[in-house]
Structure formats: structure tokens, C-alpha cells
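Worksheet: the structure to be examined is printed underneath.
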Amino acid sequence: MSRVGRVERVTKETSVLVEIDLDGSGKVDVSTGVGFYDHMLDQLGRHGLFDLTVKTEGDLHIDSHHTIEDSALALGAAFKQALGDKVGIYRFGNCTVPLDESLAQVTVDLSGRPYLVHTEPEKMAPMIGEYDTTMTRHILESFVAQAQIALHVHVPYGRNAHHIVECQFKALARALRYASERDPRAAGILPSTKGAL
Ligand SMILES: [Mn+2]
């Protein structure tokens with residue numbers, strides 16, 4: 001039973017293809033045209049042990065906003081698709097990841113309901129290459145809306161913008177991996193008293 005998702009999303013602003021295999025080995029093939037974002041999606045696949053393809057051609061002549069946002073929307077939709085009926089998974093996951101002076105704490109519930117809580121240092125370099133650092137929250141919002149998960153991401157401290165963002169993606173990857181992995185004690189069981197996720 002493979003757990004894969006594939007989403008193609010085409011608008012006048014962007015063309016996105018996302019493929020994800022939750023039971024992969026961290027093989028990543030990502031190109032969005034935004035170098036630092038590629039670096040972050042690479043973290044997501046690698047540390048989540050997802051096989052992940054993201055191919056985005058966006059209107060970078062305007063700026064990187066649509067390219068980044070639409071990739072995150074498609075990624076969320078593909079992740080939800082790959083989760084399928086959620087029978088036999090752990091459902092909850094959390095991970096704390098340091099990156100030198102920065103720390104990210106991520107907790108996730110694959111609940112079927114979208115909710116994001118996000119805090120990070122307010123003083124941060126505005127740009128990392130072509131990546132606008134205010135986009136991190138927007139990526140998470142977009143992913144959460146489509147994946148329909150509850151996601152709490154906190155960076156209680158950090159100084160270097162590259163580190164602050166990267167530790168969030170690493171911790172997110174690992175938390176998503178733990179939540180989506182199959183629980184050997186829960187085979188055939190939907191982890192919900194309500195009977196629906
Ligand atoms: Mn890095």
C-alpha cells in the first residue's frame with residue numbers, strides 16, 4: 001500500500017508539480033527558481049525521509065511570492081493526499097531542532113482541521129538571497145490550509161536568519177515524519193475517538 005501524493009497546480013502566475021512518497025528515503029528533486037527555498041524543501045524531504053519532487057515555474061519577474069506560496073499549497077495538498085485514510089499512523093509528532101544559536105520547536109497533529117500557531121524572532125534579516133523571510137509564516141499557513149493539520153512552530157531564540165528559517169524546516173520535517181509514520185501497535189486502527197480524521 002503506497003502512500004503517495006501527486007498534485008499539479010496551474011494558474012496564470014505559476015505552474016507547480018509536487019510528488020511525495022511518505023515512505024521514501026529522502027530522495028529529493030526540487031527546483032523552484034528560488035535557491036534558498038529549494039534548500040528548505042530539500043531539508044523537508046531529507047529529514048522527513050520523504051521522496052519529494054517539487055517543480056515550479058513561477059512569475060519570478062514580479063517577485064518570488066507566488067512561486068513560494070503556490071508550491072507550499074501544492075505540497076500541502078499532496079501531503080494530505082498521500083496520508084490517505086490515516087489508519088494506523090501515530091497522528092501526533094513533535095521535534096526540537098537546534099541550528100547553532102537558533103532553536104525550533106515543532107508540534108503537529110494530523111487532525112483534519114487547519115490551524116497554525118507560529119512565533120519567531122521579529123528582528124531578522126529581511127532577505128536570504130531571493131527569499132523574503134516574512135514568507136516563512138506564509139508557507140506554513142499555506143501548507144496547513146491544504147494539508148488540514150494543526151501545526152505549532154516556535155523559535156524562542158535565534159539570530160542568523162538562515163539558521164532561524166532552516167531549523168524550522170528541519171524540525172517540521174521530522175515532526176511530520178513521526179506523525180505520519182505507521183505505528184506498529186496501531187495497525188488497522190484510526191487514531192481518533194471521534195472515528196474520523
Ligand atoms: Mn543552510
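Counting starts at 1 for both ligands and their atoms, in listed order. This is a predicted model, so every value here is computed, not measured.
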Handout entry: Sequence-distant partners of Glu130, side-chain hydrogen bond (donor to acceptor under 3.5 Å, both in side chains), two or more places apart
Key = none
Practice task
Look at the side-chain heavy atoms of Ile, Leu, Val, Met, Phe, Trp and Tyr, link any pair under 4.5 Å apart, and say whether Leu49 and Val28 land in one connected group.
Solution key: no
Practice task
Go through the steps for Asn94 and Thr107 under the test side chain to side chain donor-acceptor pair (under 3.5 Å), then give the verdict.
Solution key: CA-CA 4 Å; Asn94 72 286; Thr107 309; 5.1 Å; no
Exercise for the section: For the pair Glu101 (side chain) and Arg159 (backbone), establish whether a donor and an acceptor sit closer than 3.5 Å, ignoring hydrogens and angles. Expected result: yes
Fill in the blank from the handout: Ignoring waters, protein N/O/S atoms under 2.8 Å from the Mn ion (ligand 1) are His39 NE2, His162 NE2, Glu166 OE1
Handout entry: Salt bridge flag under 4.0 Å for residues Arg91 and Asp183
Key = no
Practice task
Flag the pair Glu8 and Arg6 as a salt bridge only when some basic side-chain nitrogen lies within less than 4.0 angstrom of an acidic carboxylate oxygen.
Solution key: yes
